[in-house]
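Before any comments, here is the structure.
Only a predicted model underlies this, so the values are computations on that prediction, with no experimental measurement involved.
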Amino acid sequence: MKVLLKNGKTKEVSFDEREGKKAFWHTSAHILAQAVKRIYPDAKCAIGPATENGFYYDFDFGFSFSEEHLYIIEEEMKKIIKESLSLNVYELERKEALAYMEEHGENYKAELIRGLPDNEKISFYRQGEYSEFCKGPHIANICYVKAIKLLSVGGAYWKGDEHNKMLTRIYGISFPKKSLLEEYMNMLKEARLRDHRKIGKELGIFAIYEEGAGLPFFLPKGMILKNILIDYWRELHRQEDYQEIQTPIMLNRNLWETSGHWEHYRDIMYTTMVDNMEYAIKPMSCPGGMLVYKSEPHSYRDLPVRLAELGIVHRNEKSGQLHGLMRVREFTQDDAHIFMTEEQIIDEIQRVVKLIDMVYKRFGFKYHVELSTQPENSIGSKEDWELATKALGDAMTSMGISYSINEGDGAFYGPKLDFHLKDSVGRTWQCGTIQLDFQLPQRFNAEYTGADGKKRRPIMIHRVIFGSIERFIGILIEHYAGKFPVWLAPVQVKLLSVSDKYTPYANKIMKILKEAGIRVEADTRNEKLGYKIREAQMDKVPYMIIAGEKEQANNTISVRQRDGDEDKQNMGEMKLEEFMEKVLSLNSKK
């Protein structure tokens, strides 16, 4: 399909490319706004961007909007698409653009224009009678849209500020083929069944209470799951020669000004006063890691220095954006910072890529990689950025790993490789990242002594694998639909006694399993065996052991497994030692 750029030129882009999806969904948002203005001329348009999975648009309708209105608007959008309108782009001076928006009563658009520089020329995209100021890009003709669906309606404060007016946000999705929409709607249906908030509550993994919005509580089974991931992470990093550190949860303002976070992340940082000095609760761990590196002198022989940290970080997310474990205000970031020479860059990047690959394969995830380049609000020289971007690309190319370019989405201090894993439903999640940073070592005057005896500046890698352990747990819950593999399951075995008479035998078995390191719970209630089995199935426990008359007489156990068809679920009678060997072998494969 052809994409229309801000300069008026077009280029061929596939919908499968990130740029293609962004242009396609951004144009779909404009179709939504055009339909709204046709039906409700007095409605005010705010913003309507493309998102990772579709688009939305915020409106001020001036009346109570509900789900029933979506059908009317969607039908109008389909009519507009049949008009096969071509898009064209033109520019206006800021004064002209502001006058145009004020003339049409678009006060939200006018407010955005007033925030732009006086001398800036503003690009507009027009389709039919509808014009909107926008940087683009957009698809060249709306006829490329073959399937469109409005999904939901919600509320959103103007500019995300709770002191501003609440607007109506309409979410939608569109595709160049009807079959893709059908697949997407089926995926959404499956995703709802796998909602980690529902399953997490049912399985006793986590809870979020009104006393702490965005601040998850991990329940006993959730802590088992979290600690399994942490133990796995620690063992991997021990093998890879990382040194684990811990840095304070808050540090003073001077540190964050030096690092650049005060300028670039101030809006999401929590602050407090200590001894008449302003402190910030850390939104990330890298400045603390920098101080650890600087705490002792280094020679080129010491490098690379690999510092790993399970840092508890806090970010002031908007209340409307909070979502279970996926978007929280407190989370554990599996951070690491690598300090190295320029000659070591490629090797260290590739070493991290291999580690990320090993971890994702362990959980059954496929993934793709994006190289995010210099953003508008970056720090550092053009030469540093070019060198860092080339190094990331060269490292991937020499490993034979393909990647796409995500223009302008790098960190403010350096370009990055983002790893987007694909779950069992087909959704993608950005988790791992490798950021190459020439800037923070300069800002902190970090040094090492080179082979020539001169002081040199190290280069720094920031990297995470899980990203956020809390979010990764949410992804795992939905990926497995709560049916965790044996090595990861908080409860691996549920021991069911047939009646009170066999409780002592069940307790004897449980003691042996626990001593062997197998996670087991016993259900010795005076309930029917069928009822206990159904409850264990609802709890998604991998194995059930039944202890009754026959088993006690033969000094054996009867085993049922969670997975497989009905015939395979009943594994029959066996010696306890045989069963333990099977479970322990599955544990060892992690």
Side-chain angles (χ1 to χ4, degrees), residues 1-3 5 11-26 50-54 137 139 144 175-177 179-180 183-184 187 236 240 334 336 338 340 342 344-375 378 384-411 414-438 459 461-467 472 475 479:
M1 65 186 180
K2 290 188 182 298
V3 166
L5 305 177
K11 71 173 183 176
E12 286 288 335
V13 180
S14 168
F15 177 78
D16 294 330
E17 299 175 52
R18 184 186 182 95
E19 183 181 3
K21 282 188 173 69
K22 184 176 181 181
F24 196 92
W25 288 334
H26 198 172
T51 66
E52 285 296 314
N53 291 291
I139 54 177
Y144 291 119
F175 293 99
K177 294 180 182 178
S179 60
L180 292 176
E183 290 173 12
Y184 183 81
M187 182 272 288
L236 288 176
E240 290 292 314
D334 64 313
I338 303 169
M340 60 200 168
E342 188 171 328
Q344 294 168 332
I345 291 176
I346 299 294
D347 285 344
E348 287 303 306
I349 293 171
Q350 293 180 342
R351 186 166 178 161
V352 176
V353 171
K354 290 175 183 175
L355 185 59
I356 292 174
D357 179 75
M358 183 188 351
V359 171
Y360 288 176
K361 284 180 177 176
R362 181 68 188 90
F363 294 98
F365 289 123
K366 295 180 180 179
Y367 62 88
H368 70 271
V369 184
E370 290 181 349
L371 172 53
S372 297
T373 61
Q374 185 173 5
S378 62
D384 282 350
W385 275 87
E386 289 176 349
L387 181 60
T389 304
K390 183 176 185 302
L392 290 173
D394 289 348
M396 299 297 284
T397 300
S398 63
M399 295 178 77
I401 299 176
S402 61
Y403 60 90
S404 58
I405 300 294
N406 185 8
E407 292 287 355
D409 200 41
K416 59 179 180 170
L417 294 171
D418 286 330
F419 292 75
H420 298 258
L421 56 83
K422 193 174 195 177
D423 68 14
S424 58
V425 183
R427 296 168 300 179
T428 56
W429 307 88
Q430 194 273 304
C431 290
T433 187
I434 303 172
Q435 303 171 351
L436 189 54
D437 181 5
F438 287 56
I459 295 162
I461 284 177
H462 310 242
R463 51 112 287 207
V464 295
I465 301 174
F466 296 140
F472 198 76
I475 294 169
H479 178 59

Inset, instruction - Indicate yes or no for a side-chain donor-acceptor contact from Ser378 to the backbone of Pro375 under 3.5 Å, with no hydrogens or angles considered. - result: yes
Legend entry - Shortest non-hydrogen separation from Asp418 to Ser372 and the atoms involved: OD2-OG, 3.4 Å
Legend entry - side-chain hydrogen bond (donor to acceptor under 3.5 Å, both in side chains) against Asp394, all qualifying residues, sequence neighbours excluded: Lys390
Inset, instruction - Please name all residues satisfying salt bridge (charged side-chain N to carboxylate O under 4.0 Å, His left out) with Lys11, sequence neighbours left out, ordered by chain then number. - result: Glu19
Inset, instruction - Return the minimal non-hydrogen interatomic distance between Trp25 and Asn53, and the atom names on each side. - result: CZ3-CA, 3.9 Å
Inset, instruction - Decide side-chain contact (heavy atoms from CB on, under 4.5 Å) for Arg427 and His420; before the verdict, give the C-alpha distance in whole Å, the side-chain angles of both, and the deciding distance to 0.1 Å. - result: CA-CA 10 Å; Arg427 296 168 300 179; His420 298 258; over 6 Å; no
Inset, instruction - Output all residues satisfying side-chain hydrogen bond (donor to acceptor under 3.5 Å, both in side chains) with Thr397, sequence neighbours left out; order by chain, then residue number. - result: none
Legend entry - Over 12 non-hydrogen atoms of neighbours within 6.0 angstrom of NZ in Lys21: yes
Legend entry - Test item: Gln350 side-chain N/O and Ala395 main-chain N/O as donor-acceptor pair under 3.5 Å: yes
Inset, instruction - Only counting residues at least two apart or in another chain, list the ones meeting side-chain hydrogen bond (donor to acceptor under 3.5 Å, both in side chains) with His26. - result: none
Inset, instruction - Begin from the C-alpha positions of Ile338 and Gln344 and carry the test side-chain contact (heavy atoms from CB on, under 4.5 Å) through to its verdict. - result: CA-CA 10 Å; Ile338 303 169; Gln344 294 168 332; over 6 Å; no
Inset, instruction - Take Tyr144 and Phe15 through the ring-ring contact (aromatic ring centres under 6.0 Å, His included) test and state the conclusion after the steps. - result: CA-CA 10 Å; Tyr144 291 119; Phe15 177 78; over 10 Å; no
Legend entry - Check: Glu370 main-chain N/O paired with Asn406 side-chain donor or acceptor under 3.5 Å: no
Inset, instruction - Taking the six-membered ring for Trp and the full ring for Phe, Tyr or His, determine whether the centres of His479 and Phe365 are under 6.0 Å apart. - result: yes
Inset, instruction - Sequence neighbours left out, what passes ring-ring contact (aromatic ring centres under 6.0 Å, His included) with Tyr360? Give chain and number order. - result: Tyr367
Inset, instruction - Take Leu417 and Met396, measure what side-chain contact (heavy atoms from CB on, under 4.5 Å) needs, and give me the verdict at the end. - result: CA-CA 9 Å; Leu417 294 171; Met396 299 297 284; 3.6 Å; yes
Legend entry - Residues in ring-ring contact (aromatic ring centres under 6.0 Å, His included) contact with Tyr184, at least two apart in sequence or another chain: Phe175
